[in-house]
Number of protein chains: 2
Amino acid sequence: MLLAERHQLILEQLNLHGRITSVELAKSLAVSEDTIRRDLNKLGELKLLHRVHGGALVMQEDSPDYFDRLNTPDPSKKRFLEPALTMLEAGQTIVIDSGETCRYLAQNLPANLPLTVVTGCPLIVQDLMQHPQIQVIQIGGKMFKPAMRTVGHSAIEMLKQIRFDIVFMGICAFHAKHGFCVNYLEEAEVLRATIEQADRTVLMGPHDKLDKTKTYQIVPAHKINHVITDEGIRQDVQTSIQKLGIELTIVPNN
Amino acid sequence: MLLAERHQLILEQLNLHGRITSVELAKSLAVSEDTIRRDLNKLGELKLLHRVHGGALVMQEDSPDYFDRLNTPDPSKKRFLEPALTMLEAGQTIVIDSGETCRYLAQNLPANLPLTVVTGCPLIVQDLMQHPQIQVIQIGGKMFKPAMRTVGHSAIEMLKQIRFDIVFMGICAFHAKHGFCVNYLEEAEVLRATIEQADRTVLMGPHDKLDKTKTYQIVPAHKINHVITDEGIRQDVQTSIQKLGIELTIVPNN
DNA sequence: CAAAAAGATGCAAGTTAATGCAAATAATAC
DNA sequence: GTATTATTTGCATTAACTTGCATCTTTTTG
């Protein structure tokens, strides 16, 4: 096995699990732990992973804290909007999930488009309060701080009584084999119930969220209808997504 | 489990609950309390949490008072807060309704008081998101823009499943004979359902809202337990309220 | 093609880090 | 005040890491 090849496999394993130990890697790749450690150190230097005692963790380019992101919006995410906006038609009922990309969508809905927007995120409700033509439905429930959204049984029961034309969500982690995933069980339950009620589910987000997994699967990949991402997407990831019959829109990187 | 991983989990737990004890962590992460304490001390050194005897609290370096960053348009309404705050006890479930006075209450809840706060107003939800000890329940439903709150059947159904220790509302219009009123039918329905579930209903607001009526009665006057208003209240209004067995707190006019 | 150079790998030895236990000390509750 | 709980400290054990070196492979070069 070539070194570069092994590095590739290490990064793949890491994306899949979010973490990896030196011992596990040595076993699965059939080389000595010393070699693995040298690999991990090298990849760590290159900022391709986060080297820690005992193994490595995935690099966390995005700040884990929602409130940090709240104050420093990243306008580059606006580029995902245009394809999303073309899907909208007057009179539709859509879901706009929580998250930065989704907030941009809420903030940039055309003023003359009458829609019913359903969301569990109070920030998005607020963004839409001034909109003249949009009826807003807030999904109730327990507020889940890390995701800035409502979760729990009440939320799911309320969702079950509405049908959606389109659901827009951020890509938290999407993998052709392991599906659409998030980090929290409670969040996964609500998102699953949401997608269940939708004619069409659209994921929007940067390419580095693709080919990743997190702890809880929301739905298998084939339940997603459309992915909007940017040019950085790898060719193999692109084909694996399209093979599933998922529509793929790639927007330029500015 | 990797050390770095454990650190991440600790921070996650902390963000989730606002507080965490060493004992709880040791149990949930299956390591000794010594290890947890070393972790907490290390994370405290890195300013990632606030280490205290017995566990840790979330860092609040960016906003020492989580409510200070909010705009304070009419500070005169703050004077109603003090009597309201004295009614609160740890562990209670309270409703904070929409409205400016109520928002002040939400923004000025003491940081060390664990409560469950139920509200239909997304602004209040947001005000409370950074509070370390408060669990927030959002009442779902159709957003009713004039009152900045959720209304409708879903909202009422959700309210029916919760019991409240205290409900805090602004005085929209209160009259000893005609009861507690508002201008919109949909709002009245929700507020009625809210009061129905409460042990105690407290109205807060300036004296000129007393002895007034509006189109829709929420409840008759005797259903209200406590009114907090200011010195301007007329003597006859005062006695008519007290005759109904309603507790009356009059705060100075600054 | 052969020899040299560079790189990759595994092993051994020594070093550092992480963890749990026990005893002593500090903080909190009653 | 005392009792209880949390914390700190030192120590022993284990796991992870680093370093140097020998071996093997690949690449370079004449």
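Chain A is the first sequence line, chain B the second, and so forth, proteins listed ahead of strands; every chain is numbered from 1.
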Point to revise | A:Asp34 CG - D:dC21 C1' separation (whole Å) | key: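 In whole Å, D:dC21 C1' lies 13 Å from A:Asp34 CG.
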
Once salt bridge (Lys or Arg N to Asp or Glu O under 4.0 Å) is applied, do any residues pair with [X], and if so which ones, sequence neighbours excluded?
X        : answer
A:Glu186 : A:Lys142
A:Glu247 : A:Arg200
B:Glu89  : none
A:Glu157 : A:Lys160

Under-3.5 Å N/O pairs linking protein and nucleotides 22-24 of chain D:
none

Exercise for review: On DNA chain C, reading 5' to 3', which nucleotide is the first and which the last to sit with an atom under 4.0 Å from a heavy atom of chain B, could you check?
Suggested key: C:dA18 to C:dT28

Check your understanding: Mind checking what makes side chain to side chain contact (heavy atoms under 4.5 Å, CB included) contact with B:Ala84, not counting sequence neighbours?
Key -> B:Leu105, B:Phe168, B:Met204, B:Ile228

Check your understanding: Considering only heavy atoms, which members of residues 17-27 of chain B lie under 4.0 Å from some atom of DNA chain D?
Key -> B:Ser22, B:Val23

Review point. Of all of residues 39-50 of chain A, which get a heavy atom below 4.0 angstrom from DNA chain D, listed by number?
Key: A:Asn41

Practice item. Give me the one residue out of A:Glu5, A:Glu12, A:Arg6 that meets side-chain contact (heavy atoms from CB on, under 4.5 Å) with A:Gln8. Key: A:Glu12

Review point. The helix from C:dC1-D:dG30 to C:dC30-D:dG1: angle between its terminal axes, five pairs each, to 10°?
Key: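 The end-segment axes of the helix from C:dC1-D:dG30 to C:dC30-D:dG1 are tilted 40° relative to each other.
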
Check your understanding: Can you name the residues that form a ring-ring contact (aromatic ring centres under 6.0 Å, His included) with B:His7, not counting sequence neighbours?
Key ->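 In terms of ring-ring contact (aromatic ring centres under 6.0 Å, His included), with neighbours along the sequence ignored, B:His7 is linked to no residue.
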
**Study point:** Set of side chain to side chain donor-acceptor pair (under 3.5 Å) partners for B:Asp230, sequence neighbours left out
**Key:** B:Arg79, B:His207

Review point. Using the ring of each side chain (for Trp, its six-membered ring), is B:Phe174 parallel, tilted or perpendicular to B:Phe180, with breaks at 30° and 60°?
Key: tilted

Review point. Do the side-chain N or O atoms of B:Arg37 get closer than 4.0 angstrom to the phosphate oxygens (OP1, OP2) of D:dT9?
Key: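 No, because none of the side-chain N or O atoms of B:Arg37 sits under 4.0 Å from OP1 or OP2 of D:dT9.
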
